[in-house]
Protein chains: 2
Amino acid sequence: MYSQAEENYLKCIYALEMEHGEEVSTNLIASKIKTKASSVTDMLKKLSTKDLVAYKKYQGVKLTERGRETALRVVRKHRLWECFLVQKLDFKWDEVHEIAEQLEHIESDLLIDKLDAFLRFPKTDPHGDPIPDKHGRMIISETVKVLDMKIGSSGILTGVRDSSGPFLKYLNKKNLALGDKIKVIDIEPYDQSVHIETRTHRLVISNNVAENLYLRNVK
Amino acid sequence: MYSQAEENYLKCIYALEMEHGEEVSTNLIASKIKTKASSVTDMLKKLSTKDLVAYKKYQGVKLTERGRETALRVVRKHRLWECFLVQKLDFKWDEVHEIAEQLEHIESDLLIDKLDAFLRFPKTDPHGDPIPDKHGRMIISETVKVLDMKIGSSGILTGVRDSSGPFLKYLNKKNLALGDKIKVIDIEPYDQSVHIETRTHRLVISNNVAENLYLRNVK
DNA sequence: AACATTTTTTAGACTAACCTAAATATTCTT
DNA sequence: AAGAATATTTAGGTTAGTCTAAAAAATGTT
Ligand SMILES: [Mn+2]
Ligand SMILES: [Mn+2]
Ligand SMILES: [Mn+2]
Ligand SMILES: [Mn+2]
């Protein structure tokens, strides 16, 4: 139906809309997709004629309804394949992204629905991101950033903002995983670094790391 | 490493070498890949510079050692994915080919080895074709064509020459599946049609069908 | 051996997706 | 509100993979 390049652009625009809201700029897309702005302009024109995005010169771009549906189908495939890799093939959560980037372009509705069933209809992927169902609906859980937690309160680690390999490997090394209960002991006013405690250990995380951890509040 | 187009050509040349032996002609490749002879010539030149095939103008083409290894890796992936689809996702044997055509191009050695282990190192795919191991080795079972069987003797259906959708659907309809014990009751001298018997029923198959069934001899 | 047919290659063109460099539009600064 | 800086688009080019039409080589037939 759509080429891999087209699907990658749609997914990228979708992600940027989620993160930044409203219209997405050419340069933002270019940097995320690691390509040149001129290439982005070319593609936006093409997606526009296919009614996947609303694009007006110099005005940024927005997904149309059709574009959003298509993007969500790709996201669904990406996240389901990540679940498969981790749950069935014993990959680690930091190893699956590149492979899922390839698998997300396999075209077969039947395949993806059967895979969904095989995995028992997971609601989130190995990084805590929600998996759209076949109608594009997903459960977006309420999360709190570490820095917005009251000191002394606890939360369950449910998601990461940055799911790049290096960050996930850092969490592995520090023995932090999704589902862990984390208590915020103290926030250093000087540099906003955070002293936290898990069931097994205590550690200090930088402000940067704290910004990338999402917690679900617990009693 | 190699593009999907390159991999498809290598797999095609490999299959044609198996079937016809020796050098493979431009037109044969073109018809199998459903493309034009001129496109094949272009690709053969490219594969030749990459040392994947030995190609001399007007002389046909042969895989080099490198080319054969690459083709076998693609074949391995194709057949393992077919096993996955049938064994784990409950696809029928006539539904998997097109999806495997896409999956065979996913690039990750780790993935394919983990998939192999997950499936318990299958030796044949759902159509009875042998699966190369990670070193390219596979078990080629001795088979007999139906027409070469002695009348009254029996064999186990272990493979099909034609694994196209229509033929497999025909076998489904006639209740014939891999592993079935088949007894050759009679061969009609006039048109070489064959009267066979399975554990559950008797039927007559055309010469054409008979040509496409491989049996393993049994006492 | 000469001619006809078939196969293969070459020549030239097209599209998708990218690129660099230059032009133009927008936004920021004073 | 002008000039500077930045963002975006346009112009023109490249590569992979395809195509059609024409040329050339190989093969078959008498
Ligand atoms: Mn991912
Ligand atoms: Mn993910
Ligand atoms: Mn197949
Ligand atoms: Mn097969």
Side-chain angles (χ1 to χ4, degrees), chain A residues 1-13 16-17 19-63 67 70-71 74 101-102 104-107, chain B residues 1-13 16-17 19-63 67 70-71 74 101-102 104-107:
Chain A
M1 195 74 168
Y2 299 111
S3 72
Q4 298 202 182
E6 288 169 332
E7 289 190 344
N8 285 336
Y9 274 91
L10 292 174
K11 191 165 61 109
C12 170
I13 295 166
L16 293 173
E17 279 184 4
E19 202 174 342
H20 297 77
E22 61 194 52
E23 280 81 11
V24 173
S25 77
T26 301
N27 267 350
L28 204 52
I29 297 169
S31 79
K32 180 138 181 165
I33 256 175
K34 288 182 198 341
T35 186
K36 300 295 153 140
S38 54
S39 304
V40 174
T41 301
D42 284 351
M43 182 57 89
L44 293 183
K45 285 179 185 167
K46 179 152 60 123
L47 295 176
S48 182
T49 68
K50 296 191 179 184
D51 191 34
L52 294 163
V53 301
Y55 167 66
K56 287 224 306 275
K57 272 192 196 180
Y58 296 102
Q59 304 291 129
V61 76
K62 255 170 68 178
L63 293 176
T70 308
V74 179
E101 283 296 318
Q102 300 179 61
E104 72 190 3
H105 303 294
I106 301 295
E107 186 179 313
Chain B
M1 194 74 168
Y2 298 112
S3 72
Q4 298 201 182
E6 289 168 333
E7 289 189 344
N8 285 336
Y9 274 93
L10 291 175
K11 191 165 62 107
C12 171
I13 296 166
L16 292 173
E17 280 185 3
E19 203 174 340
H20 297 77
E22 61 193 54
E23 280 81 10
V24 173
S25 77
T26 301
N27 267 352
L28 204 53
I29 297 169
S31 79
K32 180 140 182 164
I33 256 175
K34 287 182 197 344
T35 186
K36 301 293 154 144
S38 54
S39 306
V40 175
T41 301
D42 285 351
M43 181 58 87
L44 294 183
K45 284 179 186 168
K46 179 149 64 117
L47 295 176
S48 182
T49 68
K50 297 190 177 184
D51 191 33
L52 294 163
V53 301
Y55 166 66
K56 288 223 305 278
K57 273 193 195 180
Y58 296 103
Q59 305 291 130
V61 75
K62 256 170 66 179
L63 294 175
T70 308
V74 179
E101 283 296 318
Q102 299 180 62
E104 72 190 2
H105 303 294
I106 301 295
E107 187 179 314

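Letters A, B, ... mirror the listed sequences (proteins, then strands); counts begin at 1. Worth saying up front: this structure is predicted, and the values here are computed from it rather than measured.
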Length of the line joining [X]:[atom1] and [N]:[atom2], which is rounded to integer Å:
| X | N | atom1 | atom2 | value |
| --- | --- | --- | --- | --- |
| B/Glu23 | D/dA26 | CD | C1' | 15 Å |
| B/Met43 | C/dT9 | CE | P | 15 Å |
| B/Lys56 | D/dA25 | NZ | P | 16 Å |
| A/Tyr55 | D/dT8 | OH | P | 9 Å |
| B/Lys45 | C/dT8 | NZ | P | 14 Å |
| A/Tyr2 | C/dA16 | OH | C1' | 16 Å |
| A/Ile29 | D/dT9 | CD1 | P | 9 Å |
| B/Leu44 | C/dT7 | CG | P | 16 Å |

N or O in side chain of [X] less than 4.0 angstrom from [N] OP1/OP2:
| X | N | result |
| --- | --- | --- |
| B/Tyr9 | D/dA16 | no |
| A/Asn27 | D/dT8 | yes |
| A/Ser25 | D/dA7 | no |
| B/Ser39 | D/dC19 | yes |

In chain order, what residues pass the side chain to side chain donor-acceptor pair (under 3.5 Å) check against A/Glu104, with sequence neighbours excluded? A/Lys11, A/His78
For residues 48-62 of chain A, which residue pairs qualify under salt bridge (Lys or Arg N to Asp or Glu O under 4.0 Å), counting only residues two or more places apart or in two chains? A/Glu6-A/Lys50
Listing request: all salt bridge (Lys or Arg N to Asp or Glu O under 4.0 Å) pairs with a residue in residues 32-43 of chain B, at least two apart in sequence or in separate chains. none
Counterpart residues, salt bridge (charged side-chain N to carboxylate O under 4.0 Å, His left out), relative to B/Glu107 (two or more places apart): none
Filtered N/O pairs between nucleotides 22-28 of chain C and protein, under 3.5 Å:
| from | atom 1 | to | atom 2 | distance (Å) |
| --- | --- | --- | --- | --- |
| C/dA25 | O4' | A/Tyr58 | OH | 3.3 |

Hey, does B/Leu52 have a side-chain heavy atom less than 4.5 Å from the side chain of B/Tyr9? no
Heavy atoms, side chains only, cut-off 4.5 Å: are B/Val61 and B/Ile13 in contact? yes
Least distance between heavy atoms, B/Ala37 atom then B/Asn27 atom: CB-OD1, 3.6 Å
Supply the atom-to-atom distance A/Leu10 CG to A/Met43 CE, rounded to the nearest 0.5 angstrom. 8.5 Å
Could you tell me the separation between the CD atom of B/Gln102 and the NE2 atom of A/His105, rounded to the nearest 0.5 Å? 11.5 Å
Check each residue of residues 30-38 of chain B for a non-hydrogen atom within less than 4.0 Å of any atom in DNA chain C, then write out the ones that pass by number, or none. B/Ala37, B/Ser38
What's A/Thr41 touching, base or sugar-phosphate or nothing? Going by heavy atoms closer than 4.0 Å. base
